[in-house]
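Counting starts at 1 for both ligands and their atoms, in listed order.
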Amino acid sequence: MKSRYLFPTLITLLSFWLMPTQVFATQNNSEQQLQAGYYHFQIGSVPVIALSDGTMKLNTSLLNAPEDKVAHLLKHAYAKNPIDTSVNAYLILLGQKRVLIDAGTGPHYGPTLGKLPISLSNAGFKPEDITDICITHMHLDHIGGMTKDKKRVFPNATIHIEKQEFEFWTSQSEKEKAPKALQQRFTKATQVLMPYKEANKVALFDGKKQLFDGLTAIPMRGHTPGHSFYQLQNDQDKLMFWGDIMHVAPVQFSKPDITIKFDINPKAAAPKRIEAFLDAAKTGFKVAPTHLSFPGVGQIRQDGDHYHWYPILYTNDATPQT
Ligand SMILES: [Zn+2]
């Protein structure tokens, strides 16, 4: 299959807003490394499909910590800088609803990303099938895939965003207050959302809100002003979609107080992360942080001042139709 990401075009990286261009190292686009990009699992009886938007090389010098400390933690985890970092989205089949959690990068992050539509198609769904998109926050690697050529990629979807998050990124005065180099983030966020806003397809919620039976938005401000978790609960099973509570697993599970330059408010982001880790470790519910290795779903356990990550076990036990 020929697909656009097999043939890196001369995409310039000028419009990256979340990550500076030096984040990216040379990528290997060999055909051998193409992956299926979707993974089925269930929370209680609710089917969920993890969808890969691709991976990027993340430069760990973006962490707010001494280089030697980061290098030591990476080495301990058999990892190295730059570290392969996933961008994941999730499709929840919630009754008649087809709910996406975040929408990938779209065309904004280069040829190894922007694969969400392909993953969705391989999983058997069309963009028109999506009824709702729940946005954890308005950084471009989470919303960029919603819009293409100023048009809605998901024409039937209602976009759910926390009110403060939407107001911050679409505010002219917040944009003017931001450093010049970061102002484009505001422009792009507004551009991505505008086609949905004009079609009356943006639904804002304030703080904690049950959006659907079994799916609740929970405010987790820190990384951005209106960053939200989404909690999916069914029977005794629970999964919390974590968005950007963390970026570099080998470093931040060991030292959760280490922040990253993408955190708009690092002072709030670090304690929020520790609060989230403690909460998840206490009862062992499942979590899905956007940037952990695909499918990025697992459980965590506390061990003193650090945490261990236990990814869900791979399951492929469906029986082929005859
Ligand atoms: Zn992100």
Side-chain angles (χ1 to χ4, degrees), residues 13 15-24 37 50-64 82-90 100-110 112-116 119 133-147 159-162 165-166 168-169 182 184-186 188-189 192-193 217-230 240-253 256 258-266 268-270 272-273 276 287-297 309:
L13 306 183
S15 61
F16 293 164
W17 73 1
L18 178 61
M19 299 172 192
T21 51
Q22 64 265 29
V23 168
F24 301 90
L51 299 165
S52 173
D53 190 61
T55 62
M56 67 177 91
K57 302 277 187 192
L58 179 70
N59 193 323
T60 56
S61 66
L62 289 160
L63 290 160
N64 295 315
I83 189 163
D84 285 303
T85 300
S86 293
V87 177
N88 303 325
Y90 299 90
L100 262 188
I101 305 289
D102 286 338
T105 60
H108 304 280
Y109 280 74
T112 66
L113 285 151
K115 301 173 192 169
L116 179 65
S119 297
I133 305 177
C134 297
I135 298 297
T136 60
H137 64 296
M138 284 172 61
H139 276 154
L140 198 56
D141 58 323
H142 298 254
I143 61 170
M146 280 167 38
T147 304
I159 314 301
H160 303 269
I161 307 177
E162 210 274 345
E165 183 74 3
F166 183 83
F168 177 78
W169 290 108
L182 302 182
Q184 202 187 27
R185 298 178 180 196
F186 291 82
K188 293 256 175 185
V192 165
L193 262 300
I218 295 171
M220 192 42 81
R221 302 185 172 113
H223 178 64
T224 59
H227 187 282
S228 296
F229 287 171
Y230 291 96
M240 196 85 88
F241 297 96
W242 260 0
D244 279 11
I245 195 77
M246 61 183 303
H247 293 80
V248 184
V251 173
Q252 290 174 305
F253 277 129
I258 294 179
T259 56
I260 196 160
K261 295 201 166 39
F262 317 140
D263 292 325
I264 284 191
N265 183 353
K272 285 290 177 192
R273 173 163 43 256
V287 295
T290 303
H291 297 299
L292 258 64
S293 264
F294 184 80
V297 183
W309 170 245

Step through it carefully: locate the ring centre of Phe262, locate the ring centre of His247, and say whether they are under 6.0 Å apart.
yes

Is the distance from the ring center of His139 to that of His227 below 6.0 Å?
no

Is any side-chain heavy atom of Ile135 less than 4.5 Å from a side-chain heavy atom of Ile159?
yes

What does the angle at the Zn ion (ligand 1) come to, between atom NE2 of His291 and atom NE2 of His142, rounded to 10°?
110°

Taking just the N, O or S atoms of Asp141, which one is nearest to the Zn ion (ligand 1)?
OD2

State which residues pass side chain to side chain donor-acceptor pair (under 3.5 Å) with Thr105; sequence neighbours excluded, sorted by chain then number.
Asp53

Could you check which N/O/S atom of Asp244 is closest to the Zn ion (ligand 1)?
OD2

